[in-house]
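Taking it in order: structure first as structure tokens, then the write-up.
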Amino acid sequence: MDIALLLVGFILMLTGIVGSFLPVLPGTPVSWVGLLLLYLTSAVPDDWWFLGITLVVALVVFALDYIIPAVGTRKFGGTRSGMIGTTLGLVVAIIFPVLGIFGIIFWPFLGAFLGELLNKADQKSALKAAFGSFMGFLTGTFLKFVVTVIFFGLFIAKAWEFRAELFPWFN
């Protein structure tokens with residue numbers, strides 16, 4: 001059972017990292033569940049303080065992921081249309097990776113710009129609002145990515161620390 005928990009936890013950690021970029025997956029909570037599964041193995045001793053602190057971090061980052069783009073959009077005069085355009089642009093970048101890694105930057109910005117133009121903004125204010133929406137999106141995504149990678153590092157370190165108990169046949 002420990003191996004199954006470890007494997008599912010590892011898969012959830014990787015899913016959480018991918019989820020830090022995809023708007024449909026809550027990256028940090030998924031990564032936290034991966035940490036929880038590791039601690040539910042009989043090999044790793046319970047550390048409820050660690051799990052509690054990382055849960056709070058995951059939930060705060062999850063909440064900030066909705067707050068930061070809204071603040072960035074409002075600060076630069078953007079609307080909900082710009083935020084929706086940013087999200088749609090990200091989906092386009094993931095489904096049609098035309099520009100490779102640069103598509104993750106270009107398509108959300110273009111989506112925010114078009115969303116603002118469709119909201120009857122002039123080009124100058126649409127460009128400014130798109131920039132704000134895009135910066136909010138990038139900030140939230142970067143924050144989620146950093147936290148999920150840290151969670152992954154903690155997962156690997158703890159699994160390595162208790163490798164003898166997790167994999168007794170390798171001793």
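A single hydrophobic cluster is not seen to contain both V33 and I11; linkage of ILVMFWY side chains at heavy-atom distances under 4.5 Å, directly or through other members, places them apart. Hydrophobic clustering (side-chain heavy atoms under 4.5 Å, transitive across Ile, Leu, Val, Met, Phe, Trp, Tyr) groups L110 together with I95. Linking ILVMFWY side-chain heavy atoms closer than 4.5 Å, directly or via other members, places W48 and F151 in a single hydrophobic cluster.
Remark: T41 pairs with D2, L5, A43, V44, L166 by the side chain to side chain contact (heavy atoms under 4.5 Å, CB included) rule, at least two apart or across chains. Scored by the side chain to side chain contact (heavy atoms under 4.5 Å, CB included) test, F131 finds F76, F109, M135 as partners (sequence neighbours excluded). Scored by the side chain to side chain contact (heavy atoms under 4.5 Å, CB included) test, L59 finds L55 as partners (sequence neighbours excluded). For W32, the side chain to side chain donor-acceptor pair (under 3.5 Å) partners two or more places apart in sequence, or in a different chain, are T54. Considering only residues two or more places apart in sequence or on other chains, F21 meets the ring-ring contact (aromatic ring centres under 6.0 Å, His included) condition with F145. Looking at residues two or more places apart in sequence or on another chain, you find no side chain to side chain donor-acceptor pair (under 3.5 Å) involving T15.
In this structure, the side chains of L143 and L64 come closer than 4.5 Å at one or more pairs of heavy atoms. Using a 4.5 Å heavy-atom threshold, the side chains of S20 and F142 count as separate.
Of all heavy-atom pairs spanning P29 and F62, the tightest one is CG-CD1, 3.9 Å. Contact record, S31 with I17: OG-N, 4.1 Å, taken as the closest heavy-atom pair. The heavy-atom pair separating L37 from V8 by the smallest distance is CD1-CG1, 3.5 Å. Across all their heavy atoms, S81 and G115 have their closest contact at CB-O, 3.3 Å. Nearest heavy-atom pair, G89 versus W107, reported as atom, atom and distance to 0.1 Å: O-CB, 3.1 Å. Of all non-hydrogen atoms in L117 and A126, the two that sit nearest each other are CD2-CB, 3.8 Å.
Distance check, rounded to the nearest 0.5 Å: CG of L114 to CG of L88 gives 10.5 Å. Going from atom CG of L6 over to atom CZ of F155 covers 4.5 Å, rounded to the nearest 0.5 Å. Remark: M13 CE to L154 CG distance equals 7.5 Å, nearest 0.5 Å. Rounding to the nearest 0.5 Å gives a distance of 12.0 Å between CZ of F10 and CG of L38. Atoms CG and NZ, on L25 and K144 in that order, are 9.0 Å from each other to the nearest 0.5 Å. Here CG of L118 is found 11.0 Å from CD1 of I84. Values are rounded to the nearest 0.5 Å.
Within 6.0 Å of CZ on F50 lie more than 12 heavy atoms contributed by other residues, nucleotides or ligands.
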